[in-house]
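Accompanying notes for the structure given below.
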Amino acid sequence: MKNKLSKNELIVEGDINLSEGRKKWLAEEVDEATKDLLAKDAQYFLHQALSTPCMDVLAHAKGPFITNTSGKNYFDFHGNNVHQIGFSHPKLIEALKKQLDQLTFSTRRYTNETAINFAKKLTSLTPGLDKILMTPNGSSAVGIALKLARAVTGKYKVLSFWDSFHGASLDVVSVSGESVFREQMGPLMPSVERIPPPITYRGIYENNEDKALEYLEYILEKDNQIGAFLAETVRNTDVQIPSKKFWKAARKLCDKHDVLLILDEIPIALGRTGKLFAYEHFDIVPDILCLGKGLGGGIIPQAAIVTKSEYDRFNHISLGHYTFEKSPMGAAAALTTLQIIEEEHLLEHVVYLEGMVQATLNDFQHKYKIIGDIRGLGLLWGIELVKDRTTKEKATAEAEAIMYECLKNGLSFKVSKGNVLQLCPALSITTTQLAEGLAILENALEKITKS
């Protein structure tokens, strides 16, 4: 069937993987053995937007690096948001080996000490949120949160932001705000209201968050069947950061209108923003927190929701009921990940590196007129490229060219919205390694903007 989405819509979430740039990369930058493996990958796996055709074949992943079968290292400033502690952390591998020798699976109706220890540790870090459910992936965590919100409030509608991403399963696609994931999916879950996000660079509110709050209040006052406000505390893909004023006011509006605030921190929690959880920057506490991705340390798929004990009154409802809901392997990975973040003082390390990134990117923006905006927290940064700073026309071709130039020289990152370079390195990256990665980026900026 013919794809009806335009190129601009397809690049909302990531770079175009069927572009001339991708074809040129595959023709010129991979060796014959790699081409053979890529052909086999294309033969056996279903093709899908944002994922195929693959651009290289990996053999190793360690620390801040991924390494292909030819031995080429890439700084991974993308990492699918699972590499907070770096890839293949030796303490995590050792913990998983130990768990394999003890208990590998926990059958439903039974619990295990590893899962209990993880739940105890996690809730000790989330004051006001003291009950959890484990689940294998982020999409199902959001699904559990939506079910719980319906049960708690007795209301069935969901409010979310346009352009938001909360997962790829059909139920979660229904409540997300990106068009590419809804293409050709037909009727989706009804009763979802979406509002424009309070973005600060090219949003319809013209950088006026008061207008965003007015709109939010207007919607909640008009529709008393809205029971959940689902949002990314900080938008991950193109790095949009609402103000503390916005989140504190939104929290009050949810309380006023009996709406549960569900914060999706699946890609951005666990130190990415310089705090363990992003909501801590804004002096609020959600009603339900969704976690995932890096929770399993980049090895075991693991996600969870954390919520309030007052909502623990639905013993008659299967809110999750997932086969691996108390996975000892997932719990071991998650518990060890939390321990590594603490023991290696990664939060302090991220705050230190944040200043370094900020200064470097400010320098880039001064040097290169193609940079319209930079924004970020901790080790999550977005560089928005424009053809002209006045018109803010997106520099999509240039963004793609810069990405491939960086890939040639050993730096991998994601392009979002077609023109935003998203930088998301491992939190354990050293100062020297971070400087090397940023130097690759500057060389690409200089080469592409001069060509």
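Only a predicted model underlies this, so the values are computations on that prediction, with no experimental measurement involved.
Closest approach of His166 to Val172, counting heavy atoms only: O-CG1, 3.0 Å. Closest non-hydrogen pair, Glu398 versus Ile370, comes out as CB-CD1, 3.6 Å. Across all their heavy atoms, Val420 and Lys417 have their closest contact at CG2-CB, 4.3 Å. Taking every heavy atom of both residues into account, Met403 and Val415 meet most closely at SD-CG2, 3.7 Å. Considering every non-hydrogen atom in both Ile429 and Pro64, the closest pair reads CG1-CB, 4.1 Å. Contact record, Phe118 with Ala331: CB-O, 3.9 Å, taken as the closest heavy-atom pair.
For the pair Lys157 (side chain) and Val192 (backbone), a donor-acceptor distance under 3.5 Å is absent. Using modelled atom types, no side-chain atom of Arg194 and backbone atom of Leu159 make a donor-acceptor pair closer than 3.5 Å. Between the side chain of His78 and the backbone N or O of Pro425 there is no donor-acceptor pair closer than 3.5 Å. Between the side chain of Ser124 and the backbone N or O of Lys121 there is at least one donor-acceptor pair closer than 3.5 Å. Here the side chain of Glu354 pairs no donor or acceptor atom with the backbone of Leu379 at under 3.5 angstrom. Glu265 contributes no side-chain N or O that, together with a main-chain N or O of Leu289, makes up a donor-acceptor pair within less than 3.5 Å. For the pair Lys155 (side chain) and Asp258 (backbone), a donor-acceptor distance under 3.5 Å is present. A distance-only check finds a donor-acceptor pair linking the side chain of Arg313 to the backbone of Glu310 [under 3.5 Å]. Judged by distance alone, the side chain of Asp264 and the main-chain N or O of Thr233 form no donor-acceptor pair under 3.5 Å. The closest donor-acceptor contact from the side chain of Thr135 to the backbone of Ala304 lies at 3.5 Å or more, if one exists at all.
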* Let me see the working for Lys245 and Asp210 under salt bridge (charged side-chain N to carboxylate O under 4.0 Å, His left out), right down to the final yes or no. => CA-CA 9 Å; Lys245 175 184 176 181; Asp210 288 339; 2.6 Å; yes
* To do: Any chance you could lay out the side chain to side chain contact (heavy atoms under 4.5 Å, CB included) test for Cys290 and Leu263, step after step, and finish with the verdict?
  => CA-CA 6 Å; Cys290 296; Leu263 291 183; over 6 Å; no
* Starting from the C-alpha separation in whole Å, work towards a yes-or-no answer on side chain to side chain donor-acceptor pair (under 3.5 Å) for Asp41 and Gln43. => CA-CA 5 Å; Asp41 180 271; Gln43 177 182 353; over 6 Å; no
* To do: Carefully, step by step, assess Ser191 and Gln225 under the rule side chain to side chain donor-acceptor pair (under 3.5 Å).
  => CA-CA 9 Å; Ser191 307; Gln225 282 305 311; over 6 Å; no
* Would you check, one step at a time, whether the test side chain to side chain donor-acceptor pair (under 3.5 Å) holds for Ser428 with His349? => CA-CA 8 Å; Ser428 56; His349 183 59; over 6 Å; no
* Just do the side chain to side chain donor-acceptor pair (under 3.5 Å) check on Ser19 and Glu400 with the steps written out, would you? => CA-CA 9 Å; Ser19 70; Glu400 183 181 54; 2.5 Å; yes
* Before giving the answer on side chain to side chain contact (heavy atoms under 4.5 Å, CB included), spell out for Gln240 and Thr200 the whole-Å C-alpha distance, their side-chain angles and the decisive distance to 0.1 Å. => CA-CA 7 Å; Gln240 300 290 347; Thr200 56; 4.2 Å; yes
* To do: Start with the C-alpha gap between Leu438 and Leu423, add the side-chain angles, then the distance that decides, and say whether side chain to side chain contact (heavy atoms under 4.5 Å, CB included) holds.
  => CA-CA 10 Å; Leu438 292 174; Leu423 308 182; 4.1 Å; yes
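Checked against side-chain contact (heavy atoms from CB on, under 4.5 Å), Asp373 has the following partners two or more places apart in sequence or in another chain: Tyr201, Arg375, Glu384.
Note that the CD atom of Glu280 and the CG atom of Leu276 stand 6.0 Å from one another [nearest 0.5 Å]. The OG atom of Ser416 sits 13.0 Å away from the CD1 atom of Ile383 when rounded to the nearest 0.5 Å. The structure places CG of Leu319 at 7.0 Å from CD1 of Ile305, a figure rounded to the nearest 0.5 Å. Atoms NE2 and CD1, from His257 and Ile226 in turn, are 9.5 Å apart once rounded to the nearest 0.5 Å. The CG atom of Leu46 lies 8.0 Å from the CD atom of Gln48; values are rounded to the nearest 0.5 Å. Separating the CG atom in Asp76 from the CG atom in Leu411 is a distance of 9.0 Å, to the nearest 0.5 Å.
Side-chain polar atoms of Thr107 and Arg109 form no donor-acceptor pair below 3.5 angstrom. Side chains of Glu232 and Ser164: a donor-acceptor N/O pair is absent below 3.5 angstrom, by distance only. No hydrogens or angles considered: a donor-acceptor pair under 3.5 Å links the side chains of Ser140 and Asn137. Judged by distance alone, the side chains of His89 and Glu344 do bring a donor and an acceptor atom under 3.5 Å apart.
Within a 6.0 Å radius of OH in Tyr352, no more than 12 heavy atoms belonging to other residues, nucleotides or ligands are found. Remark: Tyr218 OH is loosely packed, at most 12 non-hydrogen atoms of other residues, nucleotides or ligands lying under 6.0 Å away. In this structure, His321 places its NE2 atom where only 12 or fewer heavy-atom neighbours from other residues, nucleotides or ligands lie under 6.0 Å away. Counting non-hydrogen atoms of other residues, nucleotides and ligands closer than 6.0 Å to CD of Gln358 gives a total above 12.
At a threshold of 4.0 Å, the pair Glu343-Lys91 counts as salt-bridged, since one of the basic side-chain nitrogens sits closer than that to a carboxylate oxygen. The pair Asp287-Arg251 counts as a salt bridge, with a side-chain nitrogen and a carboxylate oxygen less than 4.0 angstrom apart. Look at Asp130 and Lys308 and you find no salt bridge, because none of the NZ, NE, NH1 or NH2 atoms lies under 4.0 Å from a carboxylate O.
Looking at Ile288 and Val306, their side chains never come closer than 4.5 Å, going by heavy atoms from C-beta outward. Counting only heavy atoms from C-beta outward, the side chains of Leu421 and Ile402 approach each other to under 4.5 Å. Lys326 is listed as a side-chain neighbour of Asn112, based on a closest heavy-atom distance under 4.5 Å. For the pair Leu133/Glu325, no side-chain contact is recorded, criterion being any heavy-atom separation below 4.5 Å from C-beta on. Looking at heavy atoms from C-beta onward, Thr67 lies out of side-chain contact with Lys62 at the 4.5 angstrom threshold. Between Tyr215 and Tyr205 there is a side-chain heavy-atom pair separated by less than 4.5 Å. Side-chain atoms of Ile266 and Val142, non-hydrogen and from C-beta on, do get closer than 4.5 Å to each other. Counting heavy atoms from C-beta on, the side chains of Lys256 and Glu217 come closer than 4.5 Å.
When ring centroids are compared, Phe282 and Phe246 stay outside the 6.0 Å threshold. Under the 6.0 Å cut-off for aromatic ring centres, Tyr74 and Phe413 do not qualify, their centroids lying 6.0 Å or more apart. Ring pair Phe75/Phe65: centre-to-centre distance below 6.0 Å.
Note on ring orientation: taking the six-membered ring where Trp is involved, the planes of Phe229 and Trp247 are tilted (angle from 30° to 60°). Classified by interplanar angle (parallel below 30°, tilted 30° to 60°, perpendicular above 60°), the ring pair Tyr279/Phe277 is parallel.
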